[in-house]
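Following: one structure in structure tokens, then a few remarks.
These numbers come from the heavy atoms of this one structure, side chains and all, not from hydrogens, waters or symmetry mates. From a predicted model like this one, the values you see are computed outputs, not experimental measurements.
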Amino acid sequence: MAEPETNLAQETVPRVICFLSSLLQRVAESNDHCRLFQSQKMSVFHGLTRPTISIRSYLERIFKYANCSPSCFVVAYVYLDRFVQMQPSLPINSYNVHRLLITSVLVSAKFMDDIYYNNAYYAKVGGISTAEMNLLELDFLFGLGFQLNVTAPTFHTYSTFLQREMWVQIQSPPQPSLTIGRSANIHENESTHHQQLAV
């Protein structure tokens, strides 16, 4: 089995970075394919071109410089999942995944950690302007309906799902048509609302 690429020493990168970047790469690629056949709404998260930095390298950069806890990345994943469900016309693709990532981690750090950097710092880490970072945060919060609380069972379920997805990918690489998360049956509290990072 080939070692995964990394820009940081392997032991310093939490496994959640590997799992999340792999999952988001698959989702973005699948939605890029769908984008050719379906009209999708443009948003402040969309770039005119695909960023040259990979999702994995971008997440590693955020981890290295933002100094937020590894749990922030799991919560950021929960937020991304909620966002795509509440905004179905804005699926994650290669043109918006980087901006969605930096924004979800920023919001997660503010909600989870006692100490965090301000928007200007995150903007530098993400390679965007402070004004754009402020706009992205506001749009993301409204897109989530300000639903930021993540219960312990939900956190555990999403963590487990990330690990399972990585294991599935190692054992059997997914086909392009794979639907991400639809079989996860992730529920928050007693709600029957089906959580999924939809393709």
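Listed for the Asn93 side chain is no donor-acceptor partner under 3.5 Å among the backbone atoms of Asn31.
Nearest heavy-atom pair across Ser94 and Pro51 is O-CD, 3.5 Å. Heavy-atom minimum distance, Phe155 versus Val150: N-CG1, 4.0 Å. Residues Asn149 and Arg82 share a closest heavy-atom pair of O-NH2, 2.8 Å. Summarising the geometry of Val105 relative to Cys68, their closest heavy-atom pair is CG1-SG, 3.8 Å, with the distance given to 0.1 Å.
In this structure, the side chain to side chain contact (heavy atoms under 4.5 Å, CB included) partners of Tyr121, at least two apart in sequence or on a different chain, are Tyr65, Tyr117, Asn118, Val125. Phe142 is linked by a ring pair (Phe, Tyr, Trp, His ring centres under 6.0 Å) to Phe146, counting only residues two or more places apart in sequence or in another chain. With sequence neighbours left out, the side chain to side chain donor-acceptor pair (under 3.5 Å) criterion links Ser159 to no other residue. Residues passing the ring pair (Phe, Tyr, Trp, His ring centres under 6.0 Å) test with Phe73, sequence neighbours excluded: none. With sequence neighbours left out, the side chain to side chain donor-acceptor pair (under 3.5 Å) criterion links Asn119 to Lys110, Asn134, Glu137. Partners of Ser108 according to the side chain to side chain contact (heavy atoms under 4.5 Å, CB included) rule, which considers only residues two or more places apart in sequence or in another chain, are Cys72, Val75, Ala76, Tyr79, Met112. With sequence neighbours left out, the ring pair (Phe, Tyr, Trp, His ring centres under 6.0 Å) criterion links Tyr58 to His98. Partners of Gln147 according to the side chain to side chain donor-acceptor pair (under 3.5 Å) rule, which considers only residues two or more places apart in sequence or in another chain, do not exist here.
Distance check, rounded to the nearest 0.5 Å: CD of Gln87 to CG of Leu100 gives 10.5 Å.
In this structure, the side chains of Leu136 and Leu106 stay at 4.5 Å or more apart for every pair of heavy atoms.
Tracing side-chain contacts under 4.5 Å through hydrophobic residues (I, L, V, M, F, W, Y), one never reaches Tyr116 starting from Ile17; they form parts of separate clusters. Both Leu144 and Leu20 belong to a single network of hydrophobic side chains, linked directly or stepwise wherever heavy atoms of I, L, V, M, F, W or Y lie under 4.5 Å apart. Cluster annotation: Leu148 and Met133 are assigned to the same hydrophobic cluster (Ile/Leu/Val/Met/Phe/Trp/Tyr, side-chain heavy-atom contacts under 4.5 Å, transitive).
The pair Glu60-Arg56 meets the salt-bridge criterion, with a side-chain N (NZ, NE, NH1 or NH2) lying under 4.0 Å from an Asp/Glu carboxylate O.
Applying the salt bridge (Lys or Arg N to Asp or Glu O under 4.0 Å) test to every pair with at least one member in residues 84-95, sequence neighbours left out, gives no pairs at all. Residue pairs meeting the side-chain hydrogen bond (donor to acceptor under 3.5 Å, both in side chains) criterion with at least one member in residues 123-132, sequence neighbours excluded: Arg99-Glu132. Judged as a salt bridge (Lys or Arg N to Asp or Glu O under 4.0 Å), not a single pair has a partner in residues 142-163 (not counting sequence neighbours).
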| task | Carefully, step by step, assess Leu24 and Leu80 under the rule side chain to side chain contact (heavy atoms under 4.5 Å, CB included). | result | CA-CA 10 Å; Leu24 290 175; Leu80 287 171; 4.1 Å; yes
| Worked check of side chain to side chain contact (heavy atoms under 4.5 Å, CB included) between Phe83 and Ile92 | CA-CA 10 Å; Phe83 185 86; Ile92 293 174; over 6 Å; no
